[in-house]
Student: 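Can you read through this structure? Questions will come right after.
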Amino acid sequence: MEAHPSTALLTVLSRFLRGTRYEGHLQTLLECRPDIDRESPEIFFTAVLDAMRSNSDRDALTGLLNTAALEERLISAMAFAKRHGSKVVLLTISILEFRDLRDSLGRKKSDFVLQWLAQQLRTVVRTEDILARDQNDFILGMTVRKAEDVEHIVSKLKDIFSQAVPTLEEHLLISLMIGASVFPNDGDDVDDLLIKSQTAMRRSPGECQYQFFSDEMQKGARDRLQMVQELRDGLERGEFAVYYQPKIDLLTGTILGFEALVRWIRPEKGMVSPGLFIPVAEESGLIVPLGMFVLKTACAQLKQWHSMGYMHLQMAVNVASQQLRDDDIVRVVEEILTTTQLFPDRLELEITESSAMVNVEKTIQLLVALRQRGVQIAVDDFGTGYSSLSYLKRFPITTLKVDQSFVRDLPDDLDSLEIVNAIIAMGRSLGFKTVAEGVETFAQETVLRAAGCHAVQGFLYSRPVPAQEITPLLGKSYR
Ligand code: C2E
Ligand code: MG
Ligand code: MG
């Protein structure tokens, strides 16, 4: 049977467009334009090319405006607003943790989520509004009387996104981050307004709550950017050091091992707290090389203490979620263990509850691979995250670290006491070791011992210090 002319034509056309900027537009175009006559090859071909020309301002995946068209439309909207004394609000809408979502769902499904989101956004905007996609962000430009008029549209979005994405097998709830900048209040340059709206979006709390841009935010963003550069330079110049904090065995009163904690020692500026730079290192991805440096340094140091005869000592190293994204971590750990000849069970990796919840399947797979090689796995800051224990049971955990926020108010605060007792009892019953962090007083130690806690760590015994200050402590008893 002879093929339908338009089908043959379609094949020719898509082959013809392969590798051009129109590739991918064809399908969207056909869906958007059922009116094009597919019976006559000439009419069809001309109509498709015409439509294609006019469609070049569309984003191929979602059919929304692309960024070039967005800019043009915004310029005219701003000119209109100027004449009529109104305002243009620019909303940047983005899915919270979209990159993690993409990592765990794969490209196809996450593209589908973007398409679905585009469709939902279409239903809430007015025809005169400007709606565009810029990679993983959606931009909505609206002419309004006063900036607060966006409230209305945001509340509509809230309704939609309180439900799960309907067509995915996984029960996926989306949390939207929304940022807003306003013409003329925040400026009159499109690029500048877009950046401001994006900056505000990153500061938004998620859950469809929007956040207006403010000047402090820009300062914050500039500071962070500067810190990223300084972190990068600092890494190159070797400004980072590893400090060690002993962990004390409550049964024997001796040091059983250490936690390695990174320090940034800046020439002329002194020591910067990890609380300040770790989040920036995580955001920028620099935590990966930094984390590797800590891991290698700490293992080399442990090897040295082992060769002094303290073979039982163990080393715990904090691992960020970005380090648990690919098999590299397993390879690096294996490499380190081979070159240092350390027993694998002397190395413990600390992950936080929340980092375990990112990209769950991959994280489990990597942790299982590490565990199979004998490495120990601790959950850091346990009790502060949102994971349930039944969930955590899927992870190959060996140790729970009771967060210092529960230890701080011991022994007087009854809530803390109950929580600590429960965590330790539960940890023990599941066969985990328990380590309490942030122990500063003997009274806290007494309560923890009574609760059956295995080990403690805190200023009561030692602050985190450089390796040379640890060496004289190695044989010490803390009883
Ligand atoms: P963390 O892993 O929970 O580490 C324990 C933190 O509690 C350390 O803060 C330690 O100095 C502090 N601490 C220890 N004993 C006491 C005490 O008795 N009282 C009080 N108030 N605090 C105590 P630090 O060194 O400032 O590190 C803060 C956080 O930064 C760490 O929390 C960890 O999440 C992160 N971090 C540190 N080094 C690294 C690293 O190499 N890689 C990664 N990914 N994160 C790191
Ligand atoms: Mg830790
Ligand atoms: Mg901790």
Side-chain angles (χ1 to χ4, degrees), residues 231 234-235 239-248 255 257-265 270-302 314-325 329 332-333 347-356 358 363 376-385 397-410 416 420 423 433-445 448 453 455-466 469-470 478:
L231 272 172
L235 259 171
E239 291 172 8
F240 291 89
V242 181
Y243 277 31
Y244 302 92
Q245 185 175 39
K247 286 192 284 183
I248 315 298
I255 296 180
F258 308 91
E259 175 170 6
L261 293 154
V262 69
R263 294 290 179 264
W264 186 9
I265 302 161
M271 194 134 83
V272 190
S273 147
L276 281 177
F277 69 82
I278 292 282
V280 180
E282 284 180 347
E283 249 173 59
S284 62
L286 286 172
I287 193 70
V288 176
L290 184 61
M292 288 304 171
F293 160 77
V294 176
L295 191 60
K296 285 182 182 162
T297 310
C299 287
Q301 184 57 58
L302 184 65
Q314 173 240 55
M315 183 67 72
V317 179
N318 294 285
V319 173
S321 64
Q322 283 99 319
Q323 292 176 268
L324 293 171
R325 284 212 175 137
I329 183 84
V332 172
V333 166
L347 175 63
E348 182 168 79
L349 300 181
E350 294 191 5
I351 54 163
T352 60
E353 274 176 278
S354 40
S355 71
V358 172
T363 303
Q376 313 251 8
I377 310 289
V379 179
D380 202 354
D381 306 341
F382 186 75
T384 58
I397 295 164
T398 50
T399 310
L400 290 187
K401 292 195 78 175
V402 182
D403 189 61
Q404 53 187 47
S405 59
F406 304 121
V407 176
R408 190 180 307 131
D409 301 323
L410 291 181
S416 299
V420 164
I423 292 178
K433 274 171 288 170
T434 49
V435 180
E437 309 185 277
V439 180
E440 295 182 355
T441 67
F442 285 113
Q444 290 168 342
E445 185 195 283
L448 290 161
C453 188
V456 282
Q457 170 186 351
F459 295 169
L460 180 61
Y461 317 98
S462 167
R463 291 186 175 256
V465 289
E469 290 181 40
I470 290 288
Y478 284 85

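One-based numbering, in listed order, for ligands and for the atoms of each.
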Student: Return the name of the atom in D380, of element N, O or S, nearest to the Mg ion (ligand 2).
Tutor: OD2

Student: For atom 11 (O) of ligand 1, which protein heavy atom lies nearest, and how many Å away is it?
Tutor: P464 CG, 3.3 Å

Student: Which residue owns the protein heavy atom closest to atom 37 (C) of ligand 1, what's the atom, and how far is it?
Tutor: L261 CD2, 3.7 Å

Student: Considering only protein heavy atoms, which is closest to atom 46 (C) of ligand 1, and at what distance to one decimal place?
Tutor: I278 CD1, 3.7 Å

Student: Just one of Q457, K247, Q245, Q314 clears the side chain to side chain donor-acceptor pair (under 3.5 Å) bar with E259, so which one?
Tutor: Q457

Student: Is the distance between the Mg ion (ligand 3) and the nearest N/O/S atom of E437 smaller than 2.8 Å?
Tutor: yes

Student: Okay, side chain of Q376, backbone of T398: is any donor-acceptor separation there less than 3.5 Å?
Tutor: no

Student: To which protein heavy atom is atom 38 (N) of ligand 1 closest, and what is the distance rounded to 0.1 Å?
Tutor: V262 N, 3.2 Å

Student: Yes or no: does S273 have any heavy atom under 4.0 Å from an atom of ligand 1?
Tutor: no

Student: Would you name the heavy atoms of E445 and V439 that are closest together and state the gap between them?
Tutor: N-CG1, 4.2 Å

Student: To the nearest 0.5 Å, what is the distance between NZ (K401) and CZ (F382)?
Tutor: 14.0 Å

Student: Pick whichever of Y461, Y243, F459, W264 has a heavy atom sitting closest to atom 16 (C) of ligand 1.
Tutor: F459

Student: Give the minimum heavy-atom separation between A260 and V242, together with the two atoms involved.
Tutor: CB-CG1, 3.7 Å

Student: Is atom 34 (O) of ligand 1 touching the protein, meaning some protein heavy atom lies under 4.0 Å away?
Tutor: no

Student: Considering only protein heavy atoms, which is closest to atom 20 (C) of ligand 1, and at what distance to one decimal place?
Tutor: E440 OE2, 3.2 Å

Student: Which ligand 1 atoms, with their elements, are less than 4.0 angstrom from a heavy-atom of Q245?
Tutor: 14 (C), 15 (N)

Student: Does D381 put an N, O or S atom under 2.8 Å from the Mg ion (ligand 3)?
Tutor: yes

Student: Would you mind naming the N, O or S atom of E350 nearest to the Mg ion (ligand 2)?
Tutor: OE1

Student: For atom 1 (P) of ligand 1, find the nearest protein heavy atom and state the residue, atom name and distance (0.1 Å precision).
Tutor: D380 OD2, 3.6 Å

Student: Does Q323 use its side chain to pair, donor to acceptor, with the backbone of A320 at less than 3.5 Å?
Tutor: yes

Student: Using a strict cut-off of 4.0 Å, indicate which atoms of ligand 1 neighbour a heavy atom of A320.
Tutor: 44 (N)

Student: Flag T352 as yes if one of its N/O/S atoms falls below 2.8 Å of the Mg ion (ligand 2), otherwise no.
Tutor: no

Student: What's the shortest distance from atom 43 (C) of ligand 1 to any protein heavy atom, and which residue and atom give it?
Tutor: N318 CB, 3.6 Å

Student: Mind checking whether K401 has a heavy atom under 4.0 Å from ligand 1?
Tutor: no

Student: So, taking the atom named OH in Y243 and the one named CD in E469, what distance separates them when rounded to the nearest 0.5 Å?
Tutor: 7.5 Å

Student: Considering only heavy atoms, which of R463, E350, R408, Q404 lies nearest to atom 12 (C) of ligand 1?
Tutor: Q404

Student: Would you please determine whether G438 falls within less than 4.0 Å of ligand 1 on a heavy-atom basis?
Tutor: yes

Student: Which of the numbered atoms in ligand 1 are under 4.0 angstrom from any heavy atom belonging to E437?
Tutor: 3 (O), 5 (C)

Student: Using 0.5 Å steps for rounding, measure from the CZ atom of F406 to the CD1 atom of I423.
Tutor: 5.0 Å

Student: Set out, in order, the CA-CA distance, both residues' side-chain angles and the distance that settles side-chain contact (heavy atoms from CB on, under 4.5 Å) for E350 and T399, then state yes or no.
Tutor: CA-CA 9 Å; E350 294 191 5; T399 310; over 6 Å; no

Student: Looking only at protein heavy atoms, which one is nearest to atom 27 (O) of ligand 1, and how far off is it?
Tutor: P274 CG, 3.7 Å

Student: Considering residues, nucleotides and ligands other than K296, do more than 12 of their heavy atoms fall under 6.0 Å from its NZ?
Tutor: no

Student: Which of the atoms of ligand 1 are close to V294, meaning less than 4.0 Å from one of its heavy atoms?
Tutor: 41 (O)

Student: Using heavy-atom distances only, which candidate in M292, Q322, E259, R263 approaches atom 25 (O) of ligand 1 most closely?
Tutor: R263

Student: Shortest non-hydrogen contact from A436 to V407?
Tutor: CB-CG2, 4.2 Å

Student: When rounded to the nearest 0.5 angstrom, what distance separates CD1 in I351 from OG1 in T363?
Tutor: 7.0 Å

Student: Could you check which N/O/S atom of E259 is closest to the Mg ion (ligand 2)?
Tutor: OE2

Student: Let me confirm one number: the OG-CG distance from S405 to D381, rounded to the nearest 0.5 Å.
Tutor: 8.0 Å

Student: Return the orientation label for the Y461 and Y478 ring planes: parallel under 30°, perpendicular over 60°, tilted otherwise.
Tutor: perpendicular

Student: Check step by step if side-chain contact (heavy atoms from CB on, under 4.5 Å) holds for V262 and T297.
Tutor: CA-CA 10 Å; V262 69; T297 310; over 6 Å; no

Student: Between D381 and ligand 1, which residue portion shows a heavy-atom distance shorter than 4.0 Å: side chain, backbone, both, or neither?
Tutor: side chain

